[in-house]
Amino acid sequence: MSEAFRIYVDLLWNIIDVFLLFRFADNALPHKIKQKYKLIQLIAYTLFSLPEHIPFTFVIGLLLDISFLLVSSWPDWKKSLFILIKFRVYSHLSRIVILLLHSLVFNDFSILSVSDIYEEYKLIIISFLAYVFYVLYTNYRRNRRISSRYSLYFSMMIGAICLLLSYSTLYICRKEPDSQMLPLLFTMLIILIILCILLYDKFLALVVENADYKIQAEINRLQENYALQIEENLNTLRSLRHDIKNHLIIIDGYASQKNYEKIHEYIQKIGTRFKDTSAIQTPSVPLSAILNEKASLAKQENILCEITCNIPYLKINDFTMITIVGNLLDNAICAASKCEAGWLRAAIQQKESALSISVDNSHTENIQERDGVFTSTKADKSDLHGIGIKNVRKAVNDLRGQIEITYTENTFHVGILLPNYK
């Protein structure tokens with residue numbers, strides 16, 4: 001093996017290792033790592049690849065990795081150690097598993113034992129596949145709320161290119177191990193895959209930004225409607241206060257006639273106007289807005305709706321609360337609207353250090369559950385009671401909360417506990 005080929009192999013191996021480390025750090029840290037830190041790490045590993053027979057290579061590589069992680073995550077040094085352990089464990093275990101599977105598919109155990117060049121290319125391919133699989137998995141985990149077809153198409157494309165990389169490289173290496181075109185072809189395919197991954201990352205970032213923008217726009221709309229509702233209620237109260245003298249005169253007239261039935265009816269009429277002015281209030285304006293909007297929607301559907309809220313503070317972000325409460329109330333209203341005397345009861349309250357969310361409603365559907373996914377035996381499955389439950393489960397799991405779903409022939413209950421402490 002020539003010195004130039006040895007440097008080429010070491011450099012490629014180290015660069016792939018560094019890119020995998022960058023991915024682990026980016027996924028684990030709450031902030032973006034500065035590009036200059038990544039550049040320094042790349043330069044350090046490039047220089048590390050040049051000399052031959054460096055003593056204590058494992059220790060030096062470990063020191064480079066931990067130095068990069070400490071600088072990137074400072075002052076949380078425990079986080080850097082945790083990332084390093086996960087990175088090392090995944091790096092070694094994934095390569096062992098992929099090597100075994102890859103060798104079984106290509107049936108090249110005999111060649112590995114006799115050709116050093118073939119072995120070097122094979123190990124680099126295995127290392128690169130470990131990196132690609134981790135990228136595909138983490139992209140899927142981070143973007144589950146986005147339509148899965150994007151991830152599917154991208155994974156198929158990357159899988160096809162990786163298959164081409166493996167087959168073409170190892171085939172040429174078998175036939176012409178000393179070919180000058182092999183390193184060039186191999187490098188170009190790896191660069192192509194990395195560029196595809198970087199472009200896809202940018203695309204996902206734009207999609208997530210667009211999704212967040214839509215959610216924020218919905219929150220703004222809810223807040224505007226809530227402000228208009230509050231203004232309308234205040235105007236009604238001002239009107240009642242202005243007319244209270246006239247109301248008292250009328251009540252006094254009925255009292256002088258000892259017409260208690262009329263007094264009772266008139267007071268009920270005024271009380272209804274007061275009741276209409278009441279609004280659900282919470283520490284979060286978006287949450288108040290969505291609760292009032294859903295209560296108004298339930299009223300329009302002739303659903304007996306009772307929503308109570310008693311929370312002194314709210315530490316959970318608005319996006320998560322809109323996702324959970326919005327989906328639960330939409331499902332409940334959809335199901336209750338199909339009943340002759342539909343009803344809905346929801347309660348949000350603080351229980352020690354947890355936020356309790358409870359939603360109960362009537363339903364007439366024949367509910368079927370499989371692995372936490374709700375389906376219906378009806379022909380029209382476009383507006384099932386279980387739509388949105390998957391998103392609710394994800395939001396609850398992300399906060400490490402608890403969710404309980406129970407149902408009978410005509411009632412449906414969802415109970416949620418979320419950490420909510422100062």
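This one's a predicted model, so the numbers in the text were calculated from it and none came from an experiment. Sequence positions, counted from 1, serve as the residue numbers for this chain.
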- Query: How many angstroms lie between atom OG of S80 and atom CD1 of I66, to the nearest 0.5 angstrom?
  - Reply: 4.5 Å
- When rounded to the nearest 0.5 angstrom, what distance separates NE2 in H102 from CD1 in I126? 5.0 Å
- Could you go step by step and tell me if K202 and L198 meet the side-chain contact (heavy atoms from CB on, under 4.5 Å) rule? CA-CA 6 Å; K202 294 292 184 182; L198 293 176; 5.9 Å; no
- Is a side-chain donor or acceptor of S127 paired with a backbone partner of L123 at a separation under 3.5 angstrom? no
- Query: Under 4.5 Å between any side-chain heavy atoms of M321 and I357, yes or no?
  - Reply: yes
- Pairwise side-chain contact, F128 with I194, heavy-atom cut-off 4.5 Å (strictly under): yes
- E365 and K338: which non-hydrogen atoms are nearest, and at how many Å? OE2-NZ, 3.0 Å
- Query: Hey, what's the ring geometry for Y45 with F48, parallel, tilted or perpendicular (30° and 60° as the breaks)?
  - Reply: perpendicular
- Message: Could you check whether any side-chain heavy atom of L69 comes within less than 4.5 Å of a side-chain heavy atom of W77, counting everything from C-beta outward?
- Response: no
- Message: Between D17 (side chain only) and W13 (backbone N and O only), is there a donor and an acceptor less than 3.5 Å apart?
- Response: no
- Residues passing the ring-ring contact (aromatic ring centres under 6.0 Å, His included) test with Y167, sequence neighbours excluded, are Y171
- Query: When you look at R23 and I197, which way does the side-chain contact (heavy atoms from CB on, under 4.5 Å) test go after all the steps?
  - Reply: CA-CA 11 Å; R23 276 283 168 169; I197 290 172; 3.3 Å; yes
- Message: Less than 4.5 Å apart, side chain to side chain, heavy atoms only: is that true for I191 and L195?
- Response: yes
- Query: Take atom NZ in K38; do more than 12 heavy atoms of anything else shown fall under 6.0 Å from it?
  - Reply: yes
- side-chain contact (heavy atoms from CB on, under 4.5 Å), paired with I324, selected from L287, I316, L355, V392: V392
- Neighbour count >12 (heavy atoms, 6.0 Å) for atom CZ, F82: no
- Query: Below 4.5 Å, heavy atoms only, C-beta onward: do L328 and I416 meet side chain to side chain?
  - Reply: yes
- Polar side-chain atom of T46 near backbone of L42 as donor-acceptor pair, under 3.5 Å: yes
- Message: When you compare the side chain of K122 with that of S103, does any pair of heavy atoms fall below 4.5 Å?
- Response: yes
- Task: Could you pull out the closest heavy-atom pair between D318 and P286, with the gap in Å?
- Result: OD2-CG, 3.5 Å
- Query: In terms of the angle between their ring planes, are F22 and F68 parallel, tilted or perpendicular, with boundaries placed at 30° and 60°?
  - Reply: tilted
- Taking the side chain as every heavy atom from C-beta outward, state whether Q41 and L21 have any atom pair closer than 4.5 Å. yes
- Message: Nearest 0.5 Å, please: how far is CG in L329 from SG in C334?
- Response: 12.5 Å
- Take atom CD of Q349 as the centre, draw a 6.0 Å sphere, and report whether it contains more than 12 heavy atoms from other residues, nucleotides or ligands. yes
- Message: For the backbone of V135 and the side chain of T138, can you confirm whether one donor and one acceptor N or O come within less than 3.5 Å of each other?
- Response: yes
- Item | 4.5 Å side-chain heavy-atom contact, L50 and L47 | yes
- Task: Identify the heavy atoms of Y8 and T187 that sit nearest to each other, and give their distance.
- Result: OH-OG1, 2.8 Å
- Is E340 atom CD crowded by more than 12 heavy atoms from other residues, nucleotides or ligands, each under 6.0 Å away? no
- More than 12 heavy atoms from other groups under 6.0 Å of CE on M188: no
- Query: Does a donor on one side chain and an acceptor on the other come within less than 3.5 Å for D76 and S73?
  - Reply: no
- With sequence neighbours excluded, residues passing ring-ring contact (aromatic ring centres under 6.0 Å, His included) with F186: Y121
- Please state whether the rings of Y134 and Y90 are parallel, tilted or perpendicular, taking 30° and 60° as the class boundaries. tilted
- CA sep, side-chain torsions, deciding dist, call: L304, E306, side-chain contact (heavy atoms from CB on, under 4.5 Å): CA-CA 7 Å; L304 182 61; E306 179 184 341; over 6 Å; no
- When you measure from the side chain of S288 to the backbone N and O of T282, does any donor-acceptor pair fall under 3.5 Å? yes
- Task: With sequence neighbours left out, write down each residue that passes salt bridge (Lys or Arg N to Asp or Glu O under 4.0 Å) with D65, or none if nothing qualifies.
- Result: R88
- Applying side-chain contact (heavy atoms from CB on, under 4.5 Å), run through D330 and K294 and close with a yes or a no. CA-CA 8 Å; D330 281 340; K294 299 308 177 186; 2.7 Å; yes
- Message: So which atom in C305 and which in A295 form the shortest heavy-atom distance, rounded to 0.1 Å?
- Response: SG-CA, 4.2 Å
- Pair D26 + K32, salt bridge at N-O below 4.0 Å: no
- Got a donor-acceptor contact below 3.5 angstrom from the S256 side chain to the G253 backbone? yes
- Query: If you round to the nearest 0.5 Å, how far is CG of L297 from CD1 of I333?
  - Reply: 4.5 Å
- Item | Shortest non-hydrogen contact between A28 and K79, atoms and distance | O-NZ, 3.7 Å
- Between the CD1 atom in I124 and the CG atom in L12, the distance rounded to the nearest 0.5 Å is 4.5 Å
- One should read off an interatomic distance between S353 OG and K315 NZ, to the nearest 0.5 angstrom, of 13.5 Å
- Message: Which residue is it: Q350, K351, E352? I am looking for the one with a side-chain hydrogen bond (donor to acceptor under 3.5 Å, both in side chains) to N420.
- Response: Q350
- Message: Can you give me the closest heavy-atom contact between A332 and N361, atom names plus distance?
- Response: CB-OD1, 3.5 Å
